[in-house]
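Read through the structure below, which is laid out as structure tokens, and then see the notes.
Atoms considered below: every heavy atom in the structure, side chains included; atoms not considered: hydrogens, waters and symmetry mates. A note on names: the letters A, B, ... follow the listed sequences, proteins ahead of strands, and every chain is numbered from 1. None of the values given here were measured: they were computed from a predicted structure.
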2 protein chains.
Amino acid sequence: MKRKITLKQIAKELDVSISTVSKSLRNSLEIGEETRLKVQAFAKFYNYKPNNIALSLKNRKTKSIGIIIPEIVHYFFSTVINGIEQVANEYGYSVVICVSDDSFDKEVLNMEMLANGSIDGFIMSLSKETQFKGDFHHITEVINQGMPVVMFDRVTNDILCDKVIIDDKSAAYEAVQSLIDSGRKKIALVTTVDYVSVGKLRTDGYEKALLDNGLPFNEDLIIKIEDVDTCEITISELLHARAFDAVFAVNELFAVTIIKTANKMGLKVPEDLAVIAFTDGIISKYSTPTITTVSQSGEKMGNKAAKMLIERIEAEDDDDEEHNENYITEVIETHLIKRESTD
Amino acid sequence: MKRKITLKQIAKELDVSISTVSKSLRNSLEIGEETRLKVQAFAKFYNYKPNNIALSLKNRKTKSIGIIIPEIVHYFFSTVINGIEQVANEYGYSVVICVSDDSFDKEVLNMEMLANGSIDGFIMSLSKETQFKGDFHHITEVINQGMPVVMFDRVTNDILCDKVIIDDKSAAYEAVQSLIDSGRKKIALVTTVDYVSVGKLRTDGYEKALLDNGLPFNEDLIIKIEDVDTCEITISELLHARAFDAVFAVNELFAVTIIKTANKMGLKVPEDLAVIAFTDGIISKYSTPTITTVSQSGEKMGNKAAKMLIERIEAEDDDDEEHNENYITEVIETHLIKRESTD
DNA sequence: TTTCAACACTACCACGTTTTCGTAAAGCAA
DNA sequence: TTGCTTTACGAAAACGTGGTAGTGTTGAAA
């Protein structure tokens with residue numbers, strides 16, 4: 001068990017100074033060829049690699065970015081991480097991941113843990129609790145310290161920073177419109193109770209699509225689900241009443257549960273009930289019937305977010321007076337993936 | 001935009017030495033109460049937090065652990081990360097994640113990137129390519145440098161280190177046995193072509209269960225799938241021939257595809273075909289019919305792996321002569337979750 | 001008056017790098 | 001020999017911490 005070798009050890013071993021070793025390895029012309037080659041050979045033999053921590057301390061750059069997300073066992077978020085990881089890797093960055101578990105306190109704790117020099121910037125999606133509380137001081141704080149932050153998907157207008165989102169409203173609009181186009185008149189919206197930004201926007205899109213088509217906007221057809229397990233009861237009651245002939249669900253878990261409930265009641269999808277879900281996940285692809293979804297490319301969001309963050313990080317070097325704060329909000333395209341749950 | 005404040009800046013501002021500031025903040029009795037309180041107040045006001053990088057350099061501890069996995073958009077792996085993250089957080093560690101994409105080169109690159117001081121230890125699952133090549137020099141290297149490594153799920157006997165696995169063989173045995181118990185005689189195994197350790201073990205368990213029950217072990221009933229998309233054809237041919245009445249699939253993706261194919265052919269699951277899948281993922285829970293699975297708790301594996309790693313890391317401090325290399329292999333329990341795809 | 005301890009603080013080192021500046025030795029022209 | 005340039009290297013600072021050892025002052029005991 002040999003510990004990693006350092007410049008100092010090499011210097012001692014070869015009886016030269018640390019600077020000589022450092023310069024030799026960086027191929028400085030200051031050092032005579034003989035010494036240079038000797039040092040390089042020695043370093044190679046002992047597999048010398050500069051210590052990242054020391055470099056970080058010296059350069060005030062860690063070459064790593066922090067990701068804070070509400071959940072990780074979640075198709076969408078894991079695709080985002082994947083997207084971030086790809087770009088980060090390309091640029092030589094590592095990614096540090098923290099899960100807030102949709103808890104405000106954890107989010108704050110995680111940010112504080114990473115903000116003390118461990119990373120060069122954040123990519124984050126707000127926890128439900130944070131969105132509900134509307135308390136973003138932890139984020140303002142790191143931004144004020146000059147650390148770049150990119151928010152994605154679950155964002156807030158209260159913070160000025162780069163953002164990557166999808167146009168939830170028009171994506172929802174498009175989905176509902178397609179249901180209307182196929183002749184559906186009574187379209188239900190199945191959403192969450194949480195006050196999450198995206199939920200609100202999707203509801204807006206739903207409403208607008210109805211009104212634009214001269215259909216009534218009926219509050220009773222907005223079904224707010226607290227817990228997936230209780231979803232079934234609510235749904236089946238409404239289905240019994242034949243209250244709706246189509247459903248727009250804000251996530252695929254709701255959608256699949258609705259389909260299963262309908263099937264149990266002898267209703268056929270899509271004949272008796274058309275279903276569209278937000279988020280193109282793995283369930284939609286493999287459920288029976290497969291589910292028409294609004295695709296929301298997490299990978300693209302991740303790619304974009306990582307690029308934006310890294311650009312910010314590396315721009316700081318040059319223009320270190322006052323970084324120009326012309327923050328941008330990137331909108332990622334969505335599209336409807338038609339599958340068997342609609343006709 | 002105020003940069004983070006340092007001990008040095010506080011010292012200068014209050015016109016005392018750096019050591020005085022450091023000691024005041026650590027509540028050392030060496031420092032008079034007046035000065036101590038003054039410093040503490042000042043530090044609190046400016047929200048002083050020690051710089052992690054400097055601490056890491058000094059303590060030769062980064063308080064972060066590296067995770068290297070083949071994929072991240074993958075239910076099982078994301079649950080493992082979740083498990084690791086929970087424990088890591090509890091002990092004050094951060095997790096750095098790298099994805100090998102099942103590529104040997106990326107795995108090596110990622111390990112090298114992290115091994116130069118960025119982390120205190122690794123938790124990893126081998127990439128397919130690495131398992132196929134049988135080249136583990138990058139892992140031996142970090143271990144030789146004294147960095148603890150814990151491997152999980154996709155492990156190898158060629159490396160001596162702590163491991164967390166499930167008993168793939170007996171889990172497979174149990175699954176096949178349950179099919180036999182319900183009267184199935186012609187049981188197919190649907191597996192991958194890759195030479196991944198777990199695949200081999202599951203095949204062994206399958207074979208043993210058959211033989212122990214006096215059933216013939218027929219190579220033709222072992223279906224090796226190269227690509228999920230081509231799976232359907234192979235399966236349907238065999239189904240036409242009524243070659244089997246039950247399937248044991250090594251993952252849920254295969255299982256759901258098989259079920260869909262059978263349905264298309266007018267076969268009923270489980271009446272005409274019983275299906276059991278390895279890995280209890282989200283698809284199994286939501287497919288129609290729901291799929292009986294061998295649960296493999298990724299979260300537990302993650303918990304355990306993280307605990308083992310952190311214990312190793314923190315044990316090194318005390319016993320720094322020669323750490324006792326009594327490596328352990330932890331076997332996580334599995335159990336069969338009966339759902340609709342079997343009777 | 002001397003000595004000793006307590007007090008309150010500072011100096012210095014180490015962690016591993018990079019980089020700027022300095023300088024000794026050698027070479028060369030005058 | 002003197003003065004100047006070049007070559008080839010070394011010393012030291014800096015990044016931010018924290019611990020050990022040291023230092024100067026004060027008051028009191030001997």
Side-chain angles (χ1 to χ4, degrees), chain A residues 2-40 42-43 46-63 115-120 145-146 316-317 320, chain B residues 2-40 42-43 46-63 115-120 145-146 316-317 320:
Chain A
K2 31 165 196 186
R3 268 252 121 64
K4 289 229 73 149
I5 200 167
T6 67
L7 286 185
K8 194 194 277 194
Q9 288 165 39
I10 299 181
K12 196 174 169 189
E13 211 66 39
L14 295 181
D15 208 32
V16 291
S17 78
I18 296 179
S19 359
T20 305
V21 178
S22 174
K23 285 173 191 163
S24 298
L25 295 178
R26 328 208 102 243
N27 257 317
S28 161
L29 295 176
E30 271 185 80
I31 307 297
E33 194 176 4
E34 196 189 345
T35 320
R36 214 169 62 217
L37 295 179
K38 188 177 64 179
V39 171
Q40 289 177 355
F42 191 89
Y46 281 100
N47 191 25
Y48 170 79
K49 295 272 168 54
N51 180 307
N52 278 333
I53 299 291
L55 282 179
S56 296
L57 183 58
K58 180 125 222 333
N59 305 332
R60 283 124 152 261
K61 287 252 163 275
T62 61
K63 280 272 194 179
N116 300 315
S118 305
I119 57 164
D120 295 339
Q145 279 167 21
E316 280 182 343
D317 303 342
D320 53 341
Chain B
K2 35 168 193 183
R3 268 253 122 62
K4 287 227 72 144
I5 201 165
T6 67
L7 286 185
K8 193 195 276 195
Q9 287 165 37
I10 299 181
K12 195 174 170 190
E13 211 66 39
L14 296 181
D15 207 33
V16 291
S17 80
I18 296 179
S19 350
T20 304
V21 178
S22 172
K23 284 176 186 154
S24 298
L25 296 178
R26 329 207 104 245
N27 258 318
S28 162
L29 295 175
E30 272 184 76
I31 306 299
E33 193 176 4
E34 196 189 346
T35 319
R36 216 170 58 219
L37 294 180
K38 186 176 65 180
V39 171
Q40 289 178 355
F42 192 90
Y46 282 100
N47 193 24
Y48 170 80
K49 294 271 170 54
N51 180 307
N52 277 333
I53 299 290
L55 282 177
S56 295
L57 182 58
K58 186 159 208 329
N59 305 333
R60 284 125 153 256
K61 288 249 161 278
T62 61
K63 280 277 196 175
N116 299 316
S118 306
I119 56 163
D120 295 340
Q145 279 167 20
E316 279 181 342
D317 303 340
D320 55 340

Whole-Å gap separating P (C/dC9) and CD (B/Glu30): 10 Å
Test item: B/Ser28 side-chain N/O and B/Ser24 main-chain N/O as donor-acceptor pair under 3.5 Å: no
DNA chain D: A/Lys58 or B/Ile5, which has the more 5' nearest nucleotide? A/Lys58
Whole Å only: how far is the NZ atom of A/Lys63 from the P atom of D/dC15? 22 Å
Respond yes when some side-chain nitrogen or oxygen of A/Ser22 is under 4.0 Å from OP1 or OP2 of C/dT18, and no when none is. yes
A/Leu7 near the nucleic acid: base, sugar-phosphate alone, or nothing, with a heavy-atom cut-off under 4.0 Å? base
Any side-chain donor near an acceptor of the partner, B/Asn116 and A/Lys4, under 3.5 Å: yes
Could you tell me whether the side chain of A/Arg36 reaches within less than 4.5 Å of the side chain of A/Gln40, counting heavy atoms only? yes
Check whether more than 12 heavy atoms from other residues, nucleotides or ligands sit under 6.0 Å from atom NZ of B/Lys49, and answer yes or no. yes
With sugar-phosphate meaning primed atoms plus P, OP1 and OP2, does B/Thr35 contact a base, only sugar-phosphate, or nothing at under 4.0 Å between heavy atoms? sugar-phosphate
OP1 or OP2 of C/dC15 sitting under 4.0 Å from any side-chain N/O of A/Lys8? yes
Among D/dG18, D/dG10, D/dG16, which nucleotide has an atom closest to any side-chain atom of B/Pro50? D/dG18
Rounded to the nearest angstrom, tell me the gap between atom CG in B/Leu37 and atom P in C/dA8. 12 Å
Among D/dT17, C/dG16, C/dC9, which is the nearest nucleotide to the side chain of B/Ala54? D/dT17
In degrees rounded to 10°, what angle is found between the helical axes fit to the five outermost pairs at each end of the helix from C/dT1-D/dA30 to C/dA30-D/dT1? 100°
Between atom CD1 in A/Ile31 and atom C1' in D/dT7, what is the gap in whole Å? 10 Å
Using modelled atom types and a 3.5 Å cut-off, is there a donor and acceptor pairing between side-chain atoms of A/Asn52 and backbone atoms of B/Ser118? no
C/dA8 C1' sits how many Å from B/Leu14 CG, rounded? 15 Å
Between C1' of C/dG16 and CZ of A/Arg26, the distance in whole Å: 13 Å
Any idea which of D/dT17, D/dC15, C/dT19 is nearest the A/Arg60 side chain? D/dC15
Quick one: is B/Lys4 getting a side-chain N or O under 4.0 Å of the D/dG16 phosphate, OP1 or OP2? no
Candidate nucleotides C/dT10, C/dT17, D/dG16, ranked by approach to the side chain of A/Tyr48 - the nearest: C/dT17
Side chain of B/Leu57: nearest nucleotide among C/dA8, D/dG10, C/dG16? C/dG16
Length of the line joining A/Ile10:CD1 and D/dG10:P, which is rounded to integer Å: 14 Å
Heavy-atom side-chain proximity of A/Leu14 to A/Val39 below 4.5 angstrom: yes
With sugar-phosphate meaning primed atoms plus P, OP1 and OP2, does B/Ser19 contact a base, only sugar-phosphate, or nothing at under 4.0 Å between heavy atoms? base
With respect to the side chain of B/Ile18, which nucleotide from C/dT18, D/dT17, C/dT10 is positioned closest? D/dT17
Please examine the side chains of B/Leu55 and B/Lys58, heavy atoms only from C-beta on, and report whether any two atoms are closer than 4.5 Å. no
Tell me if a side-chain donor or acceptor on B/Thr35 pairs with a main-chain N or O of B/Ile31 at a distance below 3.5 Å. no
Nucleotide of D/dG22, D/dG10, D/dG16 approaching A/Lys23 most closely (side-chain heavy atoms): D/dG10
I want to verify a distance call: between D/dG16, D/dG19, D/dG10, whose nearest atom is closest to the B/Asn51 side chain? D/dG16
Taken to the nearest whole Å, NZ/A/Lys12 to P/D/dG10 is 16 Å
